[in-house]
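Below is one structure, written out as structure tokens; comments come after it.
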2 protein chains.
Amino acid sequence: MGRPIRTRRQATLASLAAELGVSRTTVSNAYNRPDQLSPELRKRVLDTARQLGYPGPDPVARSLRTRKAGAIGLLLTENLSYAFRDPAALGVLEGLALACEDAGVGVQLVPARPGEEDVATVHRAGVDGFVVYSVPDDDPHLNAVLQRPVPTVIIDQPVLSGVDRVGPDDAAAMTTLAYHLIELGHREVGVLCMRLARDRNDGFAARERQEKAHYHVQRTRLTTLAESFEAVGVDWSTVPVVERFEHTLDEGASAARQMLDANPQVTAIICTSDILALGALNEVRRRGLRVPADITITGFDGISDAERAELTTVYQPVREKGRSAGNLLLDPTRRGQGNPVNQQVITLETELRIGKTSAPPRTAEQHWFGP
Amino acid sequence: MGRPIRTRRQATLASLAAELGVSRTTVSNAYNRPDQLSPELRKRVLDTARQLGYPGPDPVARSLRTRKAGAIGLLLTENLSYAFRDPAALGVLEGLALACEDAGVGVQLVPARPGEEDVATVHRAGVDGFVVYSVPDDDPHLNAVLQRPVPTVIIDQPVLSGVDRVGPDDAAAMTTLAYHLIELGHREVGVLCMRLARDRNDGFAARERQEKAHYHVQRTRLTTLAESFEAVGVDWSTVPVVERFEHTLDEGASAARQMLDANPQVTAIICTSDILALGALNEVRRRGLRVPADITITGFDGISDAERAELTTVYQPVREKGRSAGNLLLDPTRRGQGNPVNQQVITLETELRIGKTSAPPRTAEQHWFGP
DNA sequence: ACTAGGAACCGTAACGGTTCAGAACATGTT
DNA sequence: AACATGTTCTGAACCGTTACGGTTCCTAGT
């Protein structure tokens, strides 16, 4: 299993050609177009290459000339330790990886720390395109990506005109969920949501903060909820919305605690993610409340843990999101990238999945006949 | 949020320099060494760049010149859909990603399908090094990686002389586990193991297959078990070993079924992974057997699900594996890569974690005083 | 007035390939 | 014999950048 011995300097295509007394073109052809030279010569080239320890054409030099890096970049402005734990993010990554694998293209995780303002890593990434997954509107890394002259697909957020996007119709999905709760009779609701901006605000989020949220998805979900509930006479200004910066079960639980301590009257807690909902479920049960008899809890995403917990939630096909984004980026028919007219928006189907965590409020009767 | 308008052809550093009437060096310096030119000129360069839609130095050309790609490749010869589900693999990936993130280096997932013999993707990957995670001895992609003139670190398997390796001491770890069972009194044991070669063999694996396994880790674990049990008088040829190609809970369950149908006498099922063990646990309980009263089950890896199930297992720090591999690869002090004398082998600590799935066999007494 | 030293900028030579339009020669066709 | 058709190989241009080793100019010190 001996590796080739490296003498002095690495052999190059040129030195190999010189050694063989043939042109560089011929050596290149030996590797890339076997039909362009006689089998005997090809064998001689490859044998000599082995003997000289020439490892084959340098990928970077090749990329420079062919203008193909053979990889796409994934921008994910989140702590990686988090990204690899969140089932939704993982599903996206998996789908993307599968699509790229099919095309024989690599996926490069571009290092981009949340707070980091240095976008050099984005500029240095030798990739043929970018997939951006769920970043805030004002993310500096996203800006750097858009500067690059390569195609870009954004998953979920932000929604930008002129840039391809793959994601669900959050507004429609949330409306469906809202009306499920409205029809059950809920009017006193509370909301737990994920971070709304890059600054930390673990606590109640006033209406202005909701509407100015830098995370498009959260903003849409919240404003849609507001519209739906206001349509049936609920004053949204009175609806408590608790925000959390980190997205974990524990934070979901603590958010639920904060919510219920201040608003014991709520009959339903609407969470903008399953993780938060599952955390809330833990807290609510810890308090001795029965779900859904005493309180309704809903999630969003449809991760497998939610299914196991029979959570009422909105399912979205995360793996498909990643796969579609990959396919869109790699689609050879639309290499006319950068053409804003040609923008593609893929909207994925969502599905309201009614589990066992939603039911009419205890005082439902009085609502069923109107407020 | 308008992207720069692309006229005719992309601007280059040279065209920008020409436009400005300065040398290319100066433009390059404007981006890479701000201290090498006056702030005024630098501003003029950057402004003109923006105006011309020059996106900054091309990463690939830069990589060619600097001989740094700014990314490392991860070779993982396994279906990605699996890799992203297996907690152990995920932990490694996370650790690796963290180490690389710290260094501002990207991680590129190199597409390499299990059955695929075409190793072009390995040759085409523009990376500064490779991390190879748990592949068989005879993996063609691994061979292609070793051909490349970049440093390589192998995690777990195979163990090759001259190539850096990060992994646990499987033999020592398995010996400890074996003696735990031996001391409890188990002599009638059965084993469930992961695939032993690239060909599929879902069923019993004869001793020869065990010893010739192409997966170093599995081979070591099995031969170590054999040695330990033979040391106390067990004839290993009579010990049933069931192999599974796929590594899932369901396969663990079916393997356990196959094992127990043919060998109802076994008092302990030793599994070479937690996933298999958890699957076996499901099957055993389905049969109405109590664990550990009726039968002992052990795993290997120490994933969080195992902890939750209070499985007796060998814990190994998967995240650390990934992180160490990354650090080793990126270690600037040993850029003398390819020097076989300089080989590094990092052996990680493991820990026997005795849970509630191991206990003396029902007929233990007769063994305690010898066979 | 002379010079040392630093700041600002530049010219050249790689970096290691791929590509395309032909050249050279052999073979088949009419 | 003239011409079309392949096959095999080559020369030169090009991909976009940075490393290296300068040169030029200005200022301060003596």
Side-chain angles (χ1 to χ4, degrees), chain A residues 9-46 48-49 52-70 120 123-128 148-150, chain B residues 6 8-46 48-49 52-70 120 123-128 148-150:
Chain A
R9 189 92 182 274
Q10 194 55 238
T12 72
L13 186 141
S15 70
L16 179 53
E19 177 77 21
L20 283 158
V22 302
S23 75
R24 308 211 308 277
T25 303
T26 299
V27 177
S28 176
N29 284 336
Y31 285 95
N32 304 314
R33 306 180 179 183
D35 57 314
Q36 294 293 301
L37 73 173
S38 63
E40 303 78 51
L41 179 55
R42 174 154 194 261
K43 181 173 184 323
R44 200 156 69 85
V45 171
L46 265 32
T48 313
L52 260 60
Y54 175 63
D58 179 287
V60 175
R62 164 185 278 158
S63 290
L64 175 59
R65 180 65 235 224
T66 60
R67 317 192 65 59
K68 285 271 143 281
H123 287 130
R124 289 190 133 77
V127 295
D128 299 324
R148 294 271 310 257
V150 294
Chain B
R6 233 172 315 291
R8 284 167 278 168
R9 190 93 181 273
Q10 194 54 239
T12 71
L13 185 143
S15 70
L16 178 54
E19 178 78 21
L20 283 158
V22 301
S23 80
R24 306 207 298 269
T25 303
T26 300
V27 178
S28 176
N29 284 337
Y31 285 95
N32 304 315
R33 306 181 182 181
D35 58 313
Q36 294 293 301
L37 41 69
S38 63
E40 303 77 49
L41 178 55
R42 175 154 194 262
K43 181 172 185 323
R44 199 156 69 85
V45 171
L46 265 30
T48 313
L52 259 59
Y54 174 64
D58 180 289
V60 176
R62 164 185 279 157
S63 290
L64 174 60
R65 184 64 242 226
T66 60
R67 315 186 68 58
K68 284 270 144 281
H123 287 130
R124 290 191 130 79
V127 295
D128 299 323
R148 295 270 309 258
V150 295

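Throughout, a chain's letter reflects where its sequence line sits, starting with A, and its residues are numbered from 1.
Residue A:Gly56 is in sugar-phosphate contact alone, with no base atom involved, counting any heavy-atom pair closer than 4.0 Å across all strands shown. Within 4.0 Å (heavy atoms only), B:Val22 reaches sugar-phosphate atoms of the nucleic acid but no base atom. Counting any heavy atom pair closer than 4.0 Å across all strands shown, A:Thr26 reaches a base atom.
B:Glu40 places its CD atom 8 Å from the P atom of C:dA8, with the value rounded to the nearest Å. A straight line from CZ of A:Arg124 to P of D:dG16 spans 19 Å, rounded to a whole angstrom. In this entry the distance linking CG of A:Asn29 with C1' of C:dT18 reads 9 Å, nearest Å. Note: CG (B:Asp58) to P (D:dC14) measures 18 Å, nearest angstrom. Atom CZ of B:Arg42 and atom P of C:dC9 are 12 Å apart (whole Å). Rounded to whole Å, atom C1' of C:dG22 lies 13 Å from atom CD of A:Gln36. Rounded to whole Å, the distance from CG on B:Asp35 to C1' on C:dC9 is 13 Å. One atom, CG of A:Leu13, and another, C1' of C:dC15, lie 13 Å apart when rounded to the nearest Å.
Listed here is the closest heavy atom pair of A:Ala11 and A:Pro55: O-CD, 4.4 Å. Across A:Arg67 and A:Asp128, no two heavy atoms sit closer than the pair O-OD1, 4.3 Å. When all heavy atoms of B:Val27 and B:Leu16 are compared, the closest pair comes out as CG1-CD2, 3.8 Å. In terms of heavy atoms, A:Ala69 sits closest to A:Ser63 at CA-OG, 3.6 Å. Here the closest non-hydrogen pair linking B:Gly126 and A:Val60 is CA-CG2, 4.2 Å. Contact between A:Val22 and A:Arg44 at its shortest, heavy atoms only, is CG1-NH2, 4.4 Å.
Partners of A:Ala120 by side chain to side chain contact (heavy atoms under 4.5 Å, CB included), not counting sequence neighbours, listed by chain and number: A:Asp118, A:Arg124. In terms of the side-chain hydrogen bond (donor to acceptor under 3.5 Å, both in side chains) criterion, B:Thr25 has no residue partners (sequence neighbours excluded). Applying the side-chain hydrogen bond (donor to acceptor under 3.5 Å, both in side chains) criterion to A:Ser23, with sequence neighbours excluded, gives A:Thr26. Scanning for side chain to side chain contact (heavy atoms under 4.5 Å, CB included) contacts around B:Ala14 gives B:Thr12, B:Arg24, with sequence neighbours left out.
Side-chain atoms of A:Arg67 and base atoms of D:dC15 include no donor and acceptor less than 3.5 Å apart. Taking only distance into account, the side chain of B:Arg24 meets the base of D:dT17 through a donor-acceptor pair shorter than 3.5 Å.
In the set C:dC10, D:dG16, D:dT18, D:dG16 carries the atom at the smallest distance from any side-chain atom of A:Leu64. In the set C:dA8, C:dT18, C:dT19, C:dT19 carries the atom at the smallest distance from any side-chain atom of A:Arg33. Across D:dC15, C:dT18, D:dT18, the shortest atom-to-atom separation from the side chain of A:Ser28 is found for C:dT18. For B:Arg65, the listed nucleotide lying nearest its side chain is C:dA13; candidates were C:dC9, D:dC15, C:dA13. Considering only side-chain atoms of B:Asn32, the nucleotide from D:dT18, C:dC9, C:dT19 that sits closest is D:dT18.
Applying the salt bridge (Lys or Arg N to Asp or Glu O under 4.0 Å) test to residues at least two apart or on different chains, the pairs with a partner in residues 31-43 of chain A are A:Lys43-A:Asp47. Here side-chain hydrogen bond (donor to acceptor under 3.5 Å, both in side chains) pairs that include residues 53-62 of chain A, with residues two or more places apart or in two chains, are A:Asn32-A:Arg62.
One end of the helix from C:dA1-D:dT30 to C:dT30-D:dA1 points its axis 40° away from the other end's axis, with each axis taken from 5 pairs and the angle rounded to 10°.
Remark: A:Thr12 is not in phosphate contact with C:dG16, judged by side-chain N or O atoms under 4.0 Å from OP1 or OP2. Dashed line: the shortest gap from a side-chain N or O of A:Tyr31 to OP1 or OP2 of C:dG16 is not under 4.0 Å. For D:dC9, the OP1/OP2 oxygens have a side-chain nitrogen or oxygen of A:Ser38 closer than 4.0 Å.
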For every nucleotide of nucleotides 23-28 of chain C, 5' to 3': is a protein heavy atom under 4.0 Å from its base (B), only from its sugar-phosphate (S), or from neither (-)?
------
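Positionally, the nearest nucleotide of DNA chain C for B:Ala61 lies more toward the 5' end than for the other of A:Arg62 and B:Ala61.
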Below 3.5 Å is the cut-off: list the nitrogen or oxygen pairs between protein and nucleotides 21-26 of chain D, distance only.
none

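Here A:Leu20 contributes atom CG and A:Thr48 contributes atom OG1; the two are 4.0 Å apart, rounded to the nearest 0.5 Å.
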